[in-house]
Amino acid sequence: MRKKVIAANWKMYKTPDQAREFFREFLPLVKDHDRDEIVVCPTYLCIDAAVNSVNGSCVAVGAQDLHWEKEGAFTGEINAAMLAAVGTTHVIIGHSERRQHFGETDDTVNLKLKSALEAGLAPIVCVGEVLEEREAGLTDDVLRRQCLRAFYAISAKKASKMVVAYEPVWAIGTGKTATPQMAADAHTIIRGEAAKAFGQEFSDGVRILYGGSVKPQNAKALMSEAEIDGALVGGASLDPKSFAAIVRY
Ligand code: PGA
């Protein structure tokens, strides 16, 4: 039985004070929750406030991105060692918004994945098709390509902390959700690529989350699907009551 991961992606929302306020309300609602792993990924600026707030609780803190180099002249960037040093344990990699707006490619996803694993972080690698690709029947090809290139030249041993998130781009922030069956089909493709890259044992254990308009109302149906090992939640994770309701689906 794979333990589910329920992760919040706060995107470009909340100041440190607002982050502290969120945790004041959220933590009592998920106190002693150990059925699932809970991760909150705020902006870099809120990581310190988040790490201090969750101290001693069952909630972990992740970042939303990282740079793959160890250090150097990369204005505006932050690397894996820096994230680990401030208490971050997880990091989202290859989110579709980074791919769409900030030039993220399958190759930079691979570099970031390697460097996050090297630093001992648990990466949440995002893959998913855009609407045109789904309509053209290319979903499987896109997922295979994204996984093949993300997982390139990484050993199963190194990849042990990796989590994958299937996020169909047409479902992000749109209120449209993949049906549990659509998500399960995509997860089977991703799990197959993980088996090719890392072997069957790894593939049986890797957690594959679903993301895209997950809400308290649809969390239970999605999480009941055996292939879905958790959720990556954007909009509905900003409100403590709503995110807690998803965690407790
Ligand atoms: P959403 O975002 O839940 O607002 O659709 C999900 C995501 O982008 O990770």
Side-chain angles (χ1 to χ4, degrees), residues 5 7-12 37 39-48 50-51 54 59-128 142-167 169 190-191 193-199 201-203 205-209 211 229-230 232 234:
V5 180
N9 174 10
W10 280 359
K11 309 191 180 186
M12 200 173 72
E37 286 173 28
V39 186
V40 175
C41 304
T43 66
Y44 293 133
L45 278 182
C46 289
I47 286 177
D48 189 51
V51 167
V54 304
V59 179
V61 176
Q64 298 173 13
D65 189 26
L66 79 167
H67 193 275
W68 59 86
E69 289 290 350
K70 290 215 159 55
E71 58 184 7
F74 299 104
T75 302
E77 294 296 326
I78 287 182
N79 67 29
M82 293 169 181
L83 292 177
V86 294
T88 316
T89 51
H90 293 66
V91 60
I92 298 171
I93 297 176
H95 190 278
S96 65
E97 286 151 18
R98 306 264 0 139
R99 294 180 192 254
Q100 269 182 311
H101 307 305
F102 303 100
E104 186 87 274
T105 66
D106 292 331
D107 296 325
T108 56
V109 169
N110 175 252
L111 291 168
K112 289 177 179 186
L113 176 55
K114 285 175 178 157
S115 107
L117 292 168
E118 201 65 50
L121 297 172
I124 303 174
V125 179
C126 301
V127 295
V142 169
L143 295 177
R144 285 204 179 91
R145 186 204 75 226
Q146 289 176 336
C147 290
L148 179 75
R149 295 183 55 184
F151 302 162
Y152 178 71
I154 298 171
S155 69
K157 187 160 175 271
K158 279 241 167 76
S160 66
K161 284 192 180 176
M162 181 183 74
V163 173
V164 181
Y166 168 57
E167 297 210 305
V169 180
I190 294 166
R191 204 171 291 287
E193 287 308 306
K196 282 187 222 157
F198 305 116
E201 193 185 334
F202 179 96
S203 152
V206 68
R207 274 88 55 88
I208 305 176
L209 320 185
D229 305 314
L232 182 55

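Because the structure is a prediction, the values reported are computed rather than measured.
- Not one N or O on the side chain of Thr88 forms a donor-acceptor pair closer than 3.5 Å with the backbone of Ala63.
- Shortest non-hydrogen contact noted between Asp229 and Arg207 is OD2-CA, 3.5 Å.
- Between the CG atom in Asp65 and the CZ atom in Arg98 there is a gap of 4.5 Å [rounded to 0.5 Å].
- In summary, the side chains of Glu104 and Thr108 do present a donor paired with an acceptor at a separation below 3.5 Å, with no hydrogens or angles considered.
- Listed here is the closest heavy atom pair of Val109 and Gly94: CG2-CA, 3.7 Å.
- Considering every non-hydrogen atom in both Lys161 and Gly120, the closest pair reads NZ-O, 2.7 Å.
- Counting heavy atoms from C-beta outward, Arg99 and Thr105 have side chains that stay 4.5 Å or more apart.
- Side chain to side chain, Glu167 and His95 meet the donor-acceptor criterion of an N or O pair below 3.5 Å.
- Nearest heavy-atom pair across Gly62 and Pro42 is O-CD, 3.1 Å.
- Salt bridge absent: Glu118 and Lys70 never bring a charged side-chain N and a carboxylate O closer than 4.0 Å.
- Counting heavy atoms from C-beta on, the side chains of Val86 and Met82 never come closer than 4.5 Å.
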Report task. Start with the C-alpha gap between Tyr166 and Leu232, add the side-chain angles, then the distance that decides, and say whether side-chain contact (heavy atoms from CB on, under 4.5 Å) holds. Result -> CA-CA 9 Å; Tyr166 168 57; Leu232 182 55; over 6 Å; no
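- Distance CD/Glu37 to NE2/His90: 5.5 Å, rounded to 0.5 Å.
- Counting heavy atoms from C-beta outward, Val125 and Gln146 have side chains that stay 4.5 Å or more apart.
- Rounding to the nearest 0.5 Å gives a distance of 9.0 Å between CZ of Phe198 and SG of Cys147.
- Two residues are said to be in side-chain contact when any heavy atoms from C-beta on lie closer than 4.5 Å; Val61 and Val39 fail this criterion.
- Of all the heavy atoms in Trp68 and Ser115, the pair that sits closest is O-CB, 3.3 Å.
- No side-chain heavy atom of Val142 sits less than 4.5 Å from a side-chain heavy atom of Val127.
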Below 3.5 Å, can you tabulate the donor-acceptor pairs from side chains in residues 148-158 to any protein atom, sequence neighbours excluded?
{"unit_1": "Arg149", "atom_1": "NH2", "unit_2": "Asp107", "atom_2": "OD1", "d": "3.1"}
{"unit_1": "Arg149", "atom_1": "NH2", "unit_2": "Asp107", "atom_2": "OD2", "d": "2.9"}
{"unit_1": "Ser155", "atom_1": "OG", "unit_2": "Lys158", "atom_2": "N", "d": "3.1"}

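- Looking at every heavy atom in both residues, Val206 comes nearest to Ala194 through CG1-CB, 4.3 Å.
- Counting heavy atoms from C-beta on, the side chains of Leu209 and Val164 never come closer than 4.5 Å.
- The shortest distance between side-chain heavy atoms of Cys126 and Ile93 does not fall below 4.5 Å.
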Query - Trace of the side-chain contact (heavy atoms from CB on, under 4.5 Å) decision for Trp10 with Gln64 - result: CA-CA 8 Å; Trp10 280 359; Gln64 298 173 13; 4.2 Å; yes
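- With sequence neighbours excluded, the residues satisfying ring pair (Phe, Tyr, Trp, His ring centres under 6.0 Å) with Phe74 are His67.
- Taking CD1 from Ile92 and CG from Leu66, the interatomic distance works out to 11.5 Å, rounded to the nearest 0.5 Å.
- Taken to the nearest 0.5 Å, the CG atom of Leu121 stands 11.0 Å off from the CG atom of Leu113.
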